[in-house]
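Following: one structure in structure tokens, then a few remarks.
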Amino acid sequence: MTDYTQLEKVRLQKLEELRAEGVEPFPTRAKRTHLSAEAIAEFESAEKENKEVKATLAGRIRAMRTMGKISFAHIEDGAGKAQLFFRANEVGKERLDLFNKMFDLGDFIQAEGVMFRTKSGEVTLHVHDFHLLAKSVSPLPAAKDETLEDGTVVRHAALEHPELRARQRYADLAVNPDVRETFRKRAGIIKSLREFLDGKGFLEVETPILQPLYGGAAARPFVTHHNELEQDMYLRISFELYLKRLLVGNLEKVYEIGRDFRNEGVSFKHNPEFTQLEFYWAYADYLQVMELTEQMVSFTAQQVLGTMKIKYKENEIDLTPPWKRLEMREGIKQTSGIDIAEYTSAEELHKAIRAKHPNKTPDPKATRGKLIDFLLSEFLEPTLIQPTFLYNYPRDISPLAKSIPNDALTVERFEGYVAGFELCNAFTELNDPLDQESRFLEMGRDYAEGDDEKHPLDEDYLRAMRYGMPPNGGFGMGVDRLAMLLLDKHSIREVLLFPALRKEE
RNA sequence: GGGCGCGUAGCUCAAUGGCAGAGCAGCGGCCUUUUAAGCCGUUUGUUGAGGGUUCGAUCCCCUCCGCGCUCACCA
């Protein structure tokens with residue numbers, strides 16, 4: 001049984017009284033002729049010709065000011081806010097009392113009348129009749145907006161508690177218009193990505209989320225169980241192995257936008273489920289993928305924000321192509337003073353780091369690849385504010401990427417960095433089934449020691465590859481990260497409608 | 001998982017080892033052009049949960065829960 005607060009009990013009481021007076025608090029149908037902004041715009045042009053504008057508006061009551069025989073209210077709908085003006089002369093004293101006493105902030109209302117301009121100049125609906133559309137039983141967090149003389153809006157007593165905002169996103173959205181705007185823009189970002197890739201001839205596909213084996217990334221999966229098949233299933237950690245199977249099937253350009261699941265830590269840039277974009281492009285290599293990437297991201301910024309110059313935290317960032325290209329080895333050398341090419345074993349590289357940076361302490365068990373990654377994130381990554389492609393990566397941290405001709409230790413891989421964080425990851429894909437098999441086996445050995453990240457060998461993937469896979473370039477990008485970047489949000493939770501939270505109680 | 005911090009009314013936030021407060025919201029009034037409307041009056045709390053110290057704990061201590069920041073993890 002729900003425990004109602006006193007405020008809720010008051011509203012439930014009103015609800016009963018309304019019913020007793022024959023007013024249905026949750027009527028089945030509503031009517032609306034104009035959005036608030038439409039009615040206001042229509043009035044503003046009709047005003048000059050002294051023409052009347054009739055309108056029926058519908059929305060949620062956000063402010064009420066009752067003053068005896070008149071009342072004002074603001075409602076909010078999908079297009080913004082509009083003021084309602086009630087006067088006993090038109091609606092009658094009883095109906096005005098009903099409004100004043102029985103309607104609350106948060107209720108949905110339908111009001112019809114004629115648009116006019118108040119003494120203070122606000123275009124307002126002069127209400128002739130009104131109906132309750134839905135009663136709000138629980139009071140929404142009572143934000144109040146104050147409009148200063150210069151037009152800036154200051155919100156008082158807004159819902160700010162991060163947990164509550166995430167847990168009760170419905171309330172957050174209801175009272176914080178900027179949050180609604182964030183998610184509209186997020187939808188725009190995803191739409192633009194699709195528009196871009198569709199325009200380049202890519203086919204959007206859907207591959208299994210529930211998989212008998214997981215792969216394509218080094219992450220711990222979520223495990224579940226299929227009762228009838230009597231087998232464990234995994235939620236995918238990447239799309240890669242399935243999308244590349246499609247290249248074997250002669251689909252030459254494919255992409256998927258969907259959810260990945262990784263059973264890892266939660267942080268300001270990690271959520272257990274997140275939206276990923278991956279594409280695979282037959283006959284292309286990582287250099288062509290680079291060009292497509294900078295076009296795609298800048299296109300999205302242009303579509304959604306109307307500019308390629310964005311702000312992230314204190315940085316002005318220009319996404320206009322071409323982006324800077326920096327060889328990873330060179331970047332690490334410049335920022336850490338260590339040339340990784342001079343140290344071909346983990347042991348030597350450890351020694352070099354200790355000598356050059358005694359106060360930095362990488363994991364003593366780290367492989368050479370992990371050490372390079374350490375140098376990258378420690379020294380180079382924070383400097384990559386303007387969009388930069390970091391390219392050519394050590395082979396042993398890239399088991400699905402193809403080696404550079406004549407350089408067995410380095411693979412054709414790049415990562416795109418913006419604002420100091422990794423945005424995307426791409427490579428010339430490995431398509432040699434024999435090489436792929438030995439890499440998988442190698443990886444199996446590596447992970448055997450660090451038990452909880454054991455990596456299953458995907459025999460079916462190898463079987464597919466043995467039929468022949470065209471050379472291709474592949475790409476992956478965290479869409480949530482892109483949304484954070486473009487919308488200047490500093491936590492992934494701000495761009496996820498319902499981020500993962502511990503269950504209540 | 002580790003470290004640090006936070007949790008007080010519906011919302012935003014104050015305060016104190018000695019009756020827990022403000023503004024807004026709510027409730028009762030007044031008010032026919034307001035817009036954080038105003039004025040008069042008024043209600044609201046398991047101070048996140050449990051335990052301990054104390055004459056007395058919201059405050060000090062312990063445990064737990066949740067959140068935030070951070071580190072680790074995340075090719």
Side-chain angles (χ1 to χ4, degrees), chain A residues 4-11 13-14 62-74 81 83-90 93 96 100-101 104-106 116-122 124 126 138-148 153-167 171 175 216-220 237-238 260 262-272 274 361 363 366-367 369-370 372-374 376-377 393-401 411 413 415 422 425 427 443 446-447 450 452-453 455 476 478 490-491 493 499 501-505:
Chain A
Y4 290 107
T5 64
Q6 288 199 302
L7 268 62
E8 288 168 331
K9 284 175 186 160
V10 169
R11 291 195 178 189
Q13 179 70 34
K14 291 180 182 177
R62 293 300 310 281
M64 288 173 79
R65 294 175 291 280
T66 67
M67 319 180 47
K69 296 187 186 61
I70 60 166
S71 287
F72 290 91
H74 268 101
K81 285 190 184 175
Q83 182 167 250
L84 307 182
F85 173 60
F86 301 78
R87 206 166 61 156
N89 307 35
E90 290 79 27
K93 187 165 186 324
L96 186 64
N100 289 345
K101 292 194 163 45
D104 289 296
L105 295 180
F116 79 115
R117 197 179 280 279
T118 63
K119 275 186 187 167
S120 54
E122 180 165 350
T124 298
H126 192 144
S138 302
L140 284 165
K144 279 200 163 189
D145 289 340
E146 178 183 13
T147 308
L148 301 179
V153 176
V154 182
R155 194 165 321 135
H156 299 271
L159 174 64
E160 281 171 348
H161 196 285
E163 178 190 356
L164 221 60
R165 287 189 45 228
R167 227 180 252 294
V175 301
R220 279 171 288 172
I237 58 173
S238 86
D260 264 345
R262 296 187 183 175
N263 208 337
E264 309 275 354
V266 175
S267 80
F268 75 95
K269 54 178 175 175
H270 297 273
N271 195 64
F274 60 98
T361 51
D363 181 352
T367 59
K370 290 268 186 190
I372 292 171
D373 204 43
F374 172 83
L376 168 68
S377 51
Y393 277 63
R395 176 191 140 117
D396 63 336
I397 54 170
S398 314
L400 298 160
V411 294
R413 172 179 172 188
E415 292 186 320
E422 180 195 334
N425 181 18
F427 26 90
M443 197 166 53
D446 284 352
Y447 283 107
D452 63 343
E453 284 192 6
H455 220 86
H490 310 146
S491 163
R493 289 189 171 182
L501 296 169
R502 280 199 176 79
K503 71 177 181 209
E504 283 182 272
E505 291 164 339

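Note on naming: letters A, B, ... go to the chains in the order of the sequence lines (proteins, then strands), and numbering restarts at 1 for each one. In this text the structure is predicted, and so the values were computed from the model without any measurement.
Between B:C27 and A:K14, a contact under 4.0 Å exists linking OP1 or OP2 to a side-chain N or O. Between B:C67 and A:R167, a contact under 4.0 Å exists linking OP1 or OP2 to a side-chain N or O. Taking 4.0 angstrom as the limit, A:R65 places a side-chain polar atom (N or O) nearer than this to OP1 or OP2 of B:A37.
The side chain of A:L400 lies closest to B:A75, out of B:A75, B:U44, B:U33.
To the nearest 0.5 Å, atoms NE2 (A:H126) and CD (A:E90) are separated by 3.0 Å.
Between the C1' atom of B:U34 and the CZ atom of A:F72 lies a distance of 4 Å, rounded to the nearest Å. Between the P atom of B:A37 and the CG atom of A:L84 lies a distance of 14 Å, rounded to the nearest Å.
Annotation: A:Y393 is not in aromatic contact with A:F427 [ring centroid separation under 6.0 Å not met].
Among the atoms of the strands shown, none is found under 4.0 Å from any heavy atom of A:P394.
Straight-line distance between the C1' atoms of B:G28 and B:G21: roughly 23 Å, to the nearest whole Å. A distance of about 14 Å separates the P atoms of B:C59 and B:C19, rounded to the whole Å. Using atom C1' as the reference point in both B:A36 and B:U44, the two lie 22 Å apart (nearest Å). Taking atom C1' in both B:A22 and B:U8, one finds a spacing of 13 Å when rounded to whole Å. Between B:G23 and B:G50, the distance separating the two P atoms is 30 Å to the nearest Å.
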